Amino acid sequence: MFEASGIPSPIAKAMSDKGYKNLTPVQEEVFKDDYSGLDLLVSAQTGSGKTIAFGLAIVENILSDNSFFKTPKSPEALIIVPTRELALQVKNELSWLLASSEAKITSCVGGMDIRTEKRNLETKPNIVVGTPGRLKDHIERNHFNVSNIKTVVLDEADEMLDMGFREDLEAILDTTPDDRQTLMFSATVPKGIANLAKRYQKDAVRISIGKSNSQHVDIEYRAFKIVMSDQENAIINTLRYYEATNAIIFCATRIAVNHMTSRLTNRGISAVALSGELSQNERNMALQAMRTSRARVCVATDVAARGLDLPNLDLVIHADIPRTSDTLLHRSGRTGRAGRKGVCAVLVPQNRSRIAERLFGQANVKPIWAYPPSREEILKEDKKRIVENKILEDPITNEEQELVNELISKNSIEQLAAAYYRLIGKDLSAPEDLRNPSDKSEGRSKGNGFQNSIWFELSVGKDDTAEPRWLVAMLCKAGNLSKRDIGSIKIQPKVTFVEISEETSSTLKELAANKKPIERHIMVKLLEKPPENFTSNRSNPKRIRKGGRNPDFMRSKEENSRHFKGKRKSERWKKTEKRKTKFSPFADNFIEKDFSVDNLNSVKNEPLSRRKRQKKNFASLDTNFKHKKKSGTLKIKKTQETNNKTSVNKRAKKKEN
């Protein structure tokens with residue numbers, strides 16, 4: 001079937017051995033005889049088989065009627081991709097496709113030893129795959145001769161422009177021959193890509209497979225409404241509900257990636273991190289762990305996961321709402337590849353619903369709005385998976401039959417079923433309880449999460465520098481509590497009163513009963529009733545909530561002015577304001593000035609300001625200096641001083657002699 005379409009027999013056999021039965025639409029379009037040797041601008045959804053498509057285009061342009069590659073003077077094809085992972089992935093994909101055609105492929109990416117890459121380029125490979133920065137570096141150092149390039153491929157061209165590789169791309173394309181074939185592959189074709197194609201392509205044929213910027217038919221989009229503080233718990237519940245073979249979680253920052261990876265690992269979920277701060281060796285190890293099923297969750301940033309094609313990736317979770325519709329489609333395109341079905345879950349905090357709706361509208365995506373999977377739904381799905389486990393359908397082998405008979409003879413069917421249920425369920429992480437974002441009272445205030453509370457007394461107070469910050473940490477550690485289980489904290493000079501949820505206070509009760517310290521010398525005591533003159537802040541309707549307003553600050557200006565005890569304007573300030581005021585004899589505020597002798601004397605007797613006193617002192621010094629200069633007394637003093645100095649010097653010389 002492949003040979004009938006004009007594909008060389010070695011390549012057709014490799015595709016058949018890999019499980020390919022038919023060419024995808026983008027592969028059929030690119031490999032048409034009408035487009036042979038022409039420049040192409042191809043836009044297609046992620047996972048549509050673009051790598052095989054430009055691999056076939058390279059074969060058609062370089063091999064012509066031959067079936068095998070020959071050793072060239074210098075590389076004949078150049079493939080430029082945005083990230084290291086995608087470069088290595090493209091190299092591996094083309095290696096099995098062109099292995100029977102004796103094609104030699106090498107890669108040049110950042111993070112790898114540049115001397116090793118130089119030696120690989122000296123072996124005269126047929127195809128070079130690399131990232132823009134490293135390829136430009138090799139060209140400038142004369143390690144890479146591009147004079148024999150016949151085909152240039154720009155994969156994920158839109159992402160390369162977004163990442164700031166425009167100058168590097170232009171520098172590389174300017175050095176390649178003018179008669180080359182240029183192929184641009186991109187999920188979207190924004191204005192920047194169109195301008196780049198207009199400059200470096202000749203009469204390019206525009207190929208668009210499917211509707212660009214539209215919903216992928218093999219991806220089910222779900223928008224989960226959450227409370228912002230429940231983001232991590234919602235991710236854990238989503239992973240537990242679907243139990244996908246492989247899943248990827250997109251976070252906005254590297255810090256968020258590391259934090260989420262640690263949280264999942266602590267919960268017993270095998271996860272790896274993928275971000276820009278990792279070395280190439282660490283990235284390869286993380287991806288290898290996903291491919292060998294040693295890890296089933298990858299937590300990554302946008303750039304690091306661009307173009308990744310992980311096997312059996314059935315679930316994509318957006319921990320943060322994507323900034324643009326293109327980002328949403330690119331992220332989601334990691335699943336639903338090569339005909340497989342996938343799920344894309346977007347976590348939408350309650351205060352960002354409109355932003356998410358606008359984003360979905362721009363991407364032409366119609367998600368299913370719902371709440372994250374609850375604890376009950378997850379447990380129900382677990383039971384369903386256990387009952388319908390395909391391992392129960394496998395036939396019993398002869399080697400297993402003897403052990404099966406022994407187990408049946410010694411145990412009842414109920415015991416064996418219970419053991420099977422426990423064995424499967426012991427490795428499953430416990431689901432989390434999530435709050436309902438539609439509950440306004442719960443969404444507005446964080447609440448303490450408990451109705452009934454009891455009070456404890458700690459033998460530490462203000463005199464011992466007690467602070468809520470380390471008291472909460474100490475209570476959580478000693479009493480197996482969370483922050484939600486702790487209510488009011490009243491610190492007194494010698495002791496501290498703490499309100500704890502009655503449901504989770506068993507550990508502290510035990511410590512109080514056994515009179516054991518919770519930390520070093522700090523003892524805990526159970527109170528029969530709340531301390532006097534203290535009530536829970538949680539039950540106080542007049543308490544100031546976060547984002548609320550204190551009624552004391554809502555008074556009118558007149559009322560506030562009565563209680564104002566701060567400094568008023570000084571008399572000096574008021575006088576300066578009066579001096580600035582201009583009076584006109586024709587104005588209503590004109591006041592005739594009194595220039596009587598009494599008034600002038602009162603003005604003279606007023607206390608001077610600090611600045612005026614300084615000016616007066618400097619003026620008096622200046623007048624004294626001028627007076628002495630005129631009278632000659634200053635000159636006489638100077639001559640006396642010089643005479644005294646000369647006489648002293650003469651006496652000193654005589655003594656020396």
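Predicted model only: the values in this text are computed from it and were never measured.
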(request) Please answer whether the main-chain N or O of A252 pairs with a side-chain N or O of D320 as donor and acceptor at a distance below 3.5 Å. (result) yes
(message) What I'd like to find out is whether the side chain of P437 reaches to under 4.5 Å of the side chain of Y371, using heavy atoms alone.
(response) yes
(message) Using side-chain heavy atoms (C-beta onward) and a distance below 4.5 Å, is S482 in contact with T504?
(response) no
(message) Within this structure, what is the OG-CD1 distance for the pair S505 and I500, rounded to the nearest 0.5 Å?
(response) 8.0 Å
(message) Check this for me, if you would: do R267 and E232 make a salt bridge, where the nitrogen-to-carboxylate-oxygen distance has to be below 4.0 angstrom?
(response) no
(request) Heavy atoms only: give me the nearest L526-A512 pair and the separation to one decimal. (result) N-CB, 4.0 Å
(message) Would you say that V227 contacts Q350 through its side chain, given a criterion of any heavy-atom pair below 4.5 Å between the two side chains?
(response) yes
(request) Give, for atom CD1 of I378 and atom CD of E432, the distance between the pair rounded to the nearest 0.5 Å. (result) 9.0 Å
(request) Would you name the heavy atoms of N246 and M290 that are closest together and state the gap between them? (result) ND2-O, 3.5 Å
(message) Between R294 and V272, does the side-chain contact (heavy atoms from CB on, under 4.5 Å) criterion hold? Intermediate values first, please.
(response) CA-CA 10 Å; R294 286 186 287 109; V272 293; over 6 Å; no
(request) Kindly compute the distance separating CG (L471) from CG (L475), expressed to the nearest 0.5 Å. (result) 6.5 Å
(message) Salt bridge check, R296 against E243: does any charged N sit closer than 4.0 Å to a carboxylate O?
(response) yes
(request) Give the minimum heavy-atom separation between A271 and T265, together with the two atoms involved. (result) O-OG1, 4.3 Å
(message) Within a 6.0 Å radius of atom OH on Y420, are there more than 12 heavy atoms belonging to other residues, nucleotides or ligands?
(response) yes
(message) Is any side-chain heavy atom of V30 closer than 4.5 Å to one of F54?
(response) no
(request) Count the heavy atoms of every other residue, nucleotide or ligand shown that sit under 6.0 Å from CD of E510, and state whether that count exceeds 12. (result) no
(request) Count the heavy atoms of every other residue, nucleotide or ligand shown that sit under 6.0 Å from CZ of F360, and state whether that count exceeds 12. (result) yes
(message) Any donor-acceptor pair under 3.5 Å linking the side-chain atoms of N92 with those of S95?
(response) no
(message) Ignoring hydrogens, what is the shortest heavy-atom contact between L97 and M15? Give both atom names and the distance.
(response) CD1-CG, 3.6 Å
(message) I need the I248 CD1 to I317 CD1 distance, nearest 0.5 Å.
(response) 10.5 Å
(message) Measuring from atom OG of S506 to atom CG of L481, what distance do you get when rounded to the nearest 0.5 angstrom?
(response) 8.5 Å
(message) If you count every heavy atom of other residues, nucleotides or ligands that lies below 6.0 Å from E399 atom CD, does the total exceed 12?
(response) no
(message) Check this for me, if you would: do R385 and E388 make a salt bridge, where the nitrogen-to-carboxylate-oxygen distance has to be below 4.0 angstrom?
(response) no
(message) Just verifying a value: how many Å separate I321 CD1 and L328 CG, rounded to the nearest 0.5 Å?
(response) 10.0 Å
(message) Is there a side-chain contact (heavy atoms from CB on, under 4.5 Å) between Y421 and I386? Walk through the geometry before answering.
(response) CA-CA 7 Å; Y421 174 72; I386 290 173; 3.5 Å; yes
(request) Would you please say whether a donor-acceptor pair under 3.5 Å links the side chains of T51 and E93? (result) no
(request) Inspect the surroundings of CD1 in I391 and state if more than 12 heavy atoms from other residues, nucleotides or ligands are less than 6.0 Å away. (result) no
(request) Flag the pair I491 / P468 as yes when at least one side-chain heavy-atom distance between them is below 4.5 Å, and no otherwise. (result) yes
(request) Determine whether P367 and R222 make a side-chain contact, defined as any pair of heavy atoms from C-beta on separated by less than 4.5 Å. (result) no
(request) Return the minimal non-hydrogen interatomic distance between S275 and R283, and the atom names on each side. (result) O-NH2, 3.5 Å
(request) Please answer whether the main-chain N or O of S43 pairs with a side-chain N or O of S186 as donor and acceptor at a distance below 3.5 Å. (result) no
(message) Could you check whether atom CD1 of I424 has more than 12 heavy atoms from other residues, nucleotides or ligands sitting under 6.0 Å from it?
(response) yes
(message) Are there over 12 heavy-atom neighbours, none belonging to I413, within less than 6.0 Å of that residue's CD1?
(response) no
(request) Could you check I249 against L239 for side-chain contact (heavy atoms from CB on, under 4.5 Å), going step by step and ending with a plain yes or no? (result) CA-CA 10 Å; I249 302 171; L239 291 171; 4.0 Å; yes
(request) Please report the shortest heavy-atom distance between V299 and C251, naming the atom on each side. (result) CG1-SG, 3.8 Å
(request) Check for a donor-acceptor pair, side chain of N237 on one end and backbone N or O of A234 on the other, with a separation under 3.5 Å. (result) no
(request) Using a 4.5 Å cut-off on heavy atoms from C-beta on, say whether the side chain of S332 contacts that of H318. (result) yes
(request) State, with a plain yes or no, whether a side-chain heavy atom of S429 is found less than 4.5 Å away from one of R240. (result) yes
(message) What verdict does the side-chain contact (heavy atoms from CB on, under 4.5 Å) test give for I219 and T335, after you've listed the backbone C-alpha separation in whole Å, the side-chain angles of each residue and the deciding distance to 0.1 Å?
(response) CA-CA 7 Å; I219 300 176; T335 187; 4.2 Å; yes
